[in-house]
Amino acid sequence: MNKNDLVTVEIEDFSHDGAGIGKVNGYALFIKDAVIGDTVSARIMKIKSKYAFAKLEKVITPSSFRVTPECKFHRQCGGCQLQALSYEKQLEFKQNKVVNNLIRIGGFLSEHLENVIEPIIGMENAFRYRNKGMYPVGYDKAGALVTGFYAGRTHDIIANTDCLLGDERNKEILETVLLYMKKNHLNAYNEKTGAGLFRHILIRNSFYNADVMVCFVLNAKFSEDFPKQIEILLPHKQELCDSLSKIHGVSSIIVNFNSEQTNVIMGKKVCTVWGQDKITDKLYIRDTGRFITFKISPHSFYQVNPRQTEKLYALALEYAELSGDETVWDLYCGIGTISLFMAVYAKQVYGVEIIPEAVHDACQNAKENETKNIEFFIGKVEDVLPQKLSDENIHADIIIVDPPRKGCDSECINTMIKMKPKRIIYISCDSATLARDLRILCDNSYELKRFRVIDQFGQSVHVETICLLKLLEG
Ligand code: SAH
């Protein structure tokens, strides 16, 4: 087999990032956009010792699991790797991915997993679910000012103001901003030269209140005389604010300053140009008739799929089995969403989070929900938790962890093991690091009792999992 060869291959499996896998002459071929069950013709691109990458040229016989993708950009965009696959099959892919990682990386036995797994929770509508969008601003190949998304694994921007995962109003917002930029001769940031003003447009939507926050990430240094500075950066800003605020729900217009030549999207400093500093949303606590409300700063993490988040948090409460006497630690707590759910049923809740703005939001959220049995700490979990254990001999009946993709720091795991909570609830957005961490916990007196995959990210390969671990007696 040589580079540029055209081969015909039947797709038998999926890789972890959603590429189709087929075999030719003993080689595993990874073919992006090919679907399990397809017979495709593909061109060999890169050959390694045991596998190769090929480019999908043509689907010869389509798989019965194939569907017509809703978005015409799905192959160019890195976001929706599974859009050509039926939703039912997407869910199967996700559940298998978690189970396989738990077996392969975590060393769990498949018989054990079969006994403790619960059915995957899918979405009712797997489009238009995201409450947050981050749109790069730049120029297309013809030099036209555009916003849209980066073509998979590049920083080439493909113009698209209507991502089908986001809110329908985003299109009008983005087009309004582009029009304003053109009218006022404002340019987009150029990553190579570091020149130009507009880097990204962040849009956050509130699920229940219909509120919308629009945040411009600008290539500028914050000056103490912000009102004067903003008149220079955004000439005729009133015009922009007037047209944006006419769009249903737009409640806040914000500028974020980022003058660093970096891939990190947002800079540290934000200033409100018009309207509210934060966006407000709420989440329903199942079977209570009660909502918890949240104020969210531009920097704070907030779950991107509110409908599924309500289901996830309901499960977290179920797994926690609270009777009212428990002390709960919510690690990696963000703006305190899970903490506030737990506080309804627990005696006392403590949260730990690294981003100061998120902790400020968490404290304000506790106050607004009149929740008194809750306290938050700013810092890295791996610093705060061991410190508190050695200084104050803190106790936990239940620990919840919801770390970013890289999983829990080993110091966090070691401290949890020392604290011996009766139950640990692990919420994960990366099943490989989840499997690694669960193995350590299960080698140290914990047993995996229940777990469930919840689809928070329809069309994409990302998977959310919740696990219940119990401390073994004796
Ligand atoms: N549980 C929250 C947030 C989960 S996202 C929710 O459901 O909304 C993970 C959070 O961990 C983010 O808010 C991130 O800022 C925070 N984080 C990342 N690394 C951390 C660390 N080492 N220590 C504490 N918090 C961290």
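Just follow the structure's listing: the first ligand is 1, and inside any ligand the first atom is 1. Here the structure is a predicted model, which is why all the values come from computation and not from measurement. Computed over heavy atoms, backbone and side chain alike; hydrogens, waters and symmetry mates excluded.
Listed by number with element, the atoms of ligand 1 under 4.0 Å from a non-hydrogen atom of Thr337 are 6 (C), 7 (O), 8 (O). Of all the atoms in ligand 1, the ones that sit under 4.0 Å from a non-hydrogen atom of Gly379 are 23 (N), 24 (C). The ligand atoms of ligand 1 that sit less than 4.0 angstrom from a heavy atom of Pro404 are 18 (C), 19 (N). Proximity to Gln303 (heavy-atom distance under 4.0 Å) selects the following atoms of ligand 1: 6 (C), 7 (O), 8 (O).
At a heavy-atom distance under 4.0 Å, only backbone atoms of Cys333 (N, CA, C or O) approach ligand 1. Contact annotation: for Ile338 versus ligand 1, heavy atoms closer than 4.0 Å belong to the side chain alone.
Taking the six-membered ring where the residue is Trp, His200 and Tyr150 present perpendicular rings, their angle passing 60° and hence far from 30°. Taking the six-membered ring where tryptophan is involved, the planes of Phe291 and Tyr208 are perpendicular, since the angle between them exceeds 60° and thus also 30°. Ring orientation note: the planes of Tyr350 and Phe377 are close to parallel, at an angle under 30° on the 30°/60° scale.
Ion pairing between a basic and an acidic side chain is recognised when a charged N comes within 4.0 Å of a carboxylate O; Lys72 and Asp162 show no such pairing. A salt bridge links Asp361 with Lys278: the distance from a Lys NZ or Arg NE/NH1/NH2 to an Asp or Glu carboxylate oxygen falls below 4.0 Å.
Within the 4.5 Å cutoff, side-chain heavy atoms of Thr309 are placed close to those of Leu283. Using a 4.5 Å heavy-atom cutoff, the side chains of Cys467 and Arg450 are not in contact.
Every heavy atom of Ala358 sits 4.0 Å or more from the atoms of ligand 1. Heavy atoms of Ile355 approach ligand 1 to within less than 4.0 angstrom. Within the structure, the closest approach of Cys429 to ligand 1 does not fall below 4.0 Å when heavy atoms are considered.
Between atom 15 (O) of ligand 1 and the options Glu353, Glu357, Lys380, the minimum heavy-atom separation is to Glu353. Heavy-atom proximity to atom 7 (O) of ligand 1, evaluated over Tyr313, Tyr332, Phe341, Phe377, is greatest for Tyr313.
The side chain to side chain donor-acceptor pair (under 3.5 Å) test applied to Asn258 returns no partner, not counting sequence neighbours. Residues that satisfy the salt bridge (charged side-chain N to carboxylate O under 4.0 Å, His left out) test with Glu175, not counting sequence neighbours, are Lys171.
For ligand 1, one of its N or O atoms has an N or O atom of Asp402 under 3.5 Å away. Checked by distance only, ligand 1 and Glu382 come closer than 3.5 Å through their nitrogen or oxygen atoms. Below 3.5 Å of separation, one finds an N or O of Val381 facing an N or O of ligand 1.
Of all protein heavy atoms, the one closest to atom 25 (N) of ligand 1 is Ile354 N, 3.2 Å.
Lys311 pairs in a salt bridge (charged side-chain N to carboxylate O under 4.0 Å, His left out) with only one of the listed residues (Glu464, Glu124, Glu318), which is Glu124.
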